[in-house]
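Written out below as structure tokens is the structure these notes cover.
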Amino acid sequence: MKENSLQFWLRRLGLSLIGLLLVISLNSYLTSPSNAQGVLKVGTEPAFPPFEMQAPGGKGLTGFDIDLFQAIGEEAGLEIQFQSMPFDGLIPALQSQTIDAAISGMTITAERAQTVDFARPYFQSGLAIAVRTEDKGEINGFDDLENKRIAVAIGTTGAQEAQKISGVEIFTFDNSALALQELSNGKVDAVVNDAPVTLYAIKVGNLNNVEVVGELLTEEYYGIALPKNSPNLEKVNNALDELLKTGRYRQIYQKWFAGEPAKLPLVAPALEGETAAFSLTRMLPTLLWGALVTVMLTAFSVFFGTIGGTLLATASISDFKPLGWLSRIYIDFFRGTPLLVQIFMIYFGLPSLLQQIGLDFSFNRFAAAVTALSLNSAAYLAEIIRGGIQSIDQGQWEAAQSMGMGWVQTMRYVIFPQAFRRMLPPLGNEFITMIKDTSLVAIIGFEELFRQGQLMVATTYRAFEIYAAVALIYLFLTFIASRVFSWLENRLNPVRRANKKASAKVTSSSEQLAS
Ligand code: GLN
């Protein structure tokens, strides 16, 4: 019998190992950089014209970087396959070797060079400030940006530069095209972005009310990034040398830009200095600040959610039928649709609806986040409250009423105190869910705990360490919340208290007997 069960377990273990191996090999087959010989998978974020963008008619990619890498491919005898992905996903993709190289107007910086290798610089660039034409007199340079609202693209040198300005409110977008759009729509005062990209957007007429002001804030060089110690680094460098020598580089340059290309150094100046090493302890204060924002977001949302939930629960048990139906519709809608969709509807949908009917309305992110979370949790809380109240035996209503108590009195002194105890466990669950759900509002750029983590990963590329720290902080918060609810449950539970007293008596009397 024993042997049989041992065999059974060994067989299960064997089967699981085979399964695991299958998954691993399938995964590495699907994600290995070069499945075929001589093919190079190149990542790019195609919302950065004129360097990379969607070709007209949606057919593939086009741009300076795209032409340049195709030429490198021809020179090095490699077939190039472009793969679109978010800009802040490029370096992680290189680290995990899902792609073999990245070309995306990426500035060579010392921080990035700690995690990836750069080929020799291929373009000279720099950051510029863009403002709306009507604000041109007011903002003329870096110093005028203090206390202003600035839009940037996530994980870019522009985002890093903007953080150096004191008192600014930074709005982070997935790419610079979205940031420039936000400026043109009048939602921010300025954009800090790569000068050639902003100038190109203005030139092709996508942004007719936007202008570049002041001098370039930085001098930067773009480089092709490859995984550390990539065998392709030398091939790419040799091909670039060749293109520069033969004049092919100049040809491609002049297809996209006016004038002569700048002289390019062999090594970007940014790589010549020393860099500070990554340290999680230095990041901790920012994460803790994010945690505080998360706690505030939860507290506000639970507060308003409870008010809404109580009203809805009262409506759903009221004798006036239409009220019950309305609250049912509300609850079904908010429980039956994803919270993420609700957040989008409220932050993007509501203002545009109100603007259509002529009301000038725009949402502050905190207000939008609290509104979405409260509306959603009100639906869940309403069900918890209604369930709690209806779980109390009908006889108690009758008993209270026969003593001459009215509805309010019965509710207040008889029903609610008992119902509340029954509601506590599901209330605790809802509270914990709420703490975790706040992370969803990162999507609208609201800087709570998760978003702070995301922003850090975008500049340090230490995804594992930072997300693990973020997860631990959430765990700590939910742990505290669950402890508080257990404590409350214990305190409010007369039966357990009575049992405790009784068992205390039993132990003390058995101790007496033993002695
Ligand atoms: N050059 C900037 C950087 O590397 C922006 C690049 C981009 O948005 N594609 O950070």
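In what follows, residues are counted from 1 in the order of the sequence shown. Computation of the quantities below employed the complete heavy-atom set of this structure, encompassing side-chain atoms and omitting hydrogens, waters and symmetry-equivalent molecules.
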Please step through side-chain contact (heavy atoms from CB on, under 4.5 Å) for the pair D174 and E45, ending with a clear verdict.
CA-CA 10 Å; D174 276 355; E45 193 279 306; over 6 Å; no

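- Residues T438 and V295 fail the side-chain proximity criterion, which asks for heavy atoms closer than 4.5 Å.
- Scanning all heavy atoms of the two residues, the minimum distance from F142 to K164 falls at CZ-CB, 4.4 Å.
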Could you go through I389 and M423, starting from their C-alpha distance and side-chain angles, then the distance that decides it, and tell me whether this counts as side-chain contact (heavy atoms from CB on, under 4.5 Å)?
CA-CA 9 Å; I389 291 172; M423 288 175 210; 4.1 Å; yes

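- Taking 4.5 Å as the limit, every side-chain heavy atom of R365 sits out of range of all side-chain heavy atoms of V441.
- No donor-acceptor distance shorter than 3.5 angstrom exists from the side chain of D332 to the backbone of I329, with no hydrogens or angles considered.
- Atom CZ of R328 sits in a crowded spot, with more than 12 heavy atoms from other residues, nucleotides or ligands closer than 6.0 Å.
- Annotation: side chain of L61 is not in contact with side chain of M53 (no heavy-atom distance under 4.5 Å).
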Applying side-chain contact (heavy atoms from CB on, under 4.5 Å) to W289 and E447, what does each step give before you reach the verdict?
CA-CA 10 Å; W289 170 251; E447 289 174 13; over 6 Å; no

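- Closest non-hydrogen pair, V197 versus P49, comes out as CG1-O, 3.4 Å.
- Within 6.0 Å of CE on M296 lie more than 12 heavy atoms contributed by other residues, nucleotides or ligands.
- In this structure, the side chain of R335 does not engage the main chain of A379 through any donor-acceptor pair within 3.5 Å.
- Within the 4.5 Å cutoff, no side-chain heavy atoms of D189 are placed close to those of V131.
- Looking only at atom types and distance, the side chain of S96 has a donor-acceptor partner in the side chain of T98 under 3.5 Å away.
- Side chain of N209 to main chain of S184: a donor-acceptor pair is present (N/O by atom type, distance under 3.5 Å, no hydrogens or angles).
- Residues S439 and Y474 meet the side-chain proximity criterion, which asks for heavy atoms closer than 4.5 Å.
- Atom CD1 in I443 sits 7.5 Å away from atom CD in Q454 (nearest 0.5 Å).
- A donor-acceptor pair under 3.5 Å is absent between the side-chain atoms of S104 and the main chain of M106, judged by distance alone.
- Here the closest non-hydrogen pair linking A162 and V192 is CB-CG2, 4.5 Å.
- Rounding to the nearest 0.5 Å gives a distance of 12.0 Å between CD of E111 and CZ of R462.
- Counting only distance, with no hydrogens or angles, the side chain of R132 and the backbone of L183 share a donor-acceptor pair below 3.5 Å.
- More than 12 heavy atoms of other residues, nucleotides or ligands sit less than 6.0 Å from atom CZ of F348.
- Checking side-chain atoms of R386 against main-chain N and O of S316 turns up no donor-acceptor pair under 3.5 Å.
- With contacts defined as side-chain heavy-atom distances shorter than 4.5 Å, the pair V188/I150 does not qualify.
- The backbone N or O of A367 sits less than 3.5 Å from a side-chain atom of N364, completing a donor-acceptor pair.
- Taking the six-membered ring where tryptophan is involved, the planes of F300 and F304 are essentially parallel, since the angle between them stays under 30° and well short of 60°.
- Side-chain contact between L424 and F485 is present, with heavy atoms from C-beta onward closer than 4.5 Å.
- If you take CG on L381 and CG on L311, they are separated by 12.0 Å, rounding to the nearest 0.5 Å.
- I415 contributes atom CD1, which lies 9.0 Å from atom OG of S391 (distance to the nearest 0.5 angstrom).
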Taking it one step at a time, do E138 and K148 satisfy salt bridge (charged side-chain N to carboxylate O under 4.0 Å, His left out)?
CA-CA 11 Å; E138 202 188 320; K148 293 279 187 294; 3.5 Å; yes

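- Between L475 and T478 the shortest heavy-atom distance is O-OG1, 3.0 Å.
- Between L440 atom CG and F446 atom CZ the span is 13.5 Å, to the nearest 0.5 Å.
- Nearest heavy atoms, L90 versus G43: CD2-C, 3.5 Å.
- For Y330 (side chain) and L375 (main-chain N/O), a donor-acceptor pair under 3.5 Å exists by modelled atom type.
- For the pair E465 and T460, the minimum side-chain heavy-atom distance is 4.5 Å or more.
- Side chain to side chain, Q342 and T337 meet the donor-acceptor criterion of an N or O pair below 3.5 Å.
- A419 approaches I392 most closely through the heavy-atom pair N-CD1, 3.7 Å.
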Trace of the side-chain contact (heavy atoms from CB on, under 4.5 Å) decision for I99 with M85
CA-CA 10 Å; I99 51 174; M85 52 179 69; 3.8 Å; yes

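- With hydrogens and angles disregarded, no donor-acceptor distance shorter than 3.5 Å links the side chain of T294 to the backbone of E448.
- The main-chain N or O of F171 is never found under 3.5 Å from a side-chain atom of R149 such that the two would form a donor-acceptor pair.
- From L373, atom CG reaches atom CD1 of I346 across 8.5 Å, with rounding to the nearest 0.5 Å.
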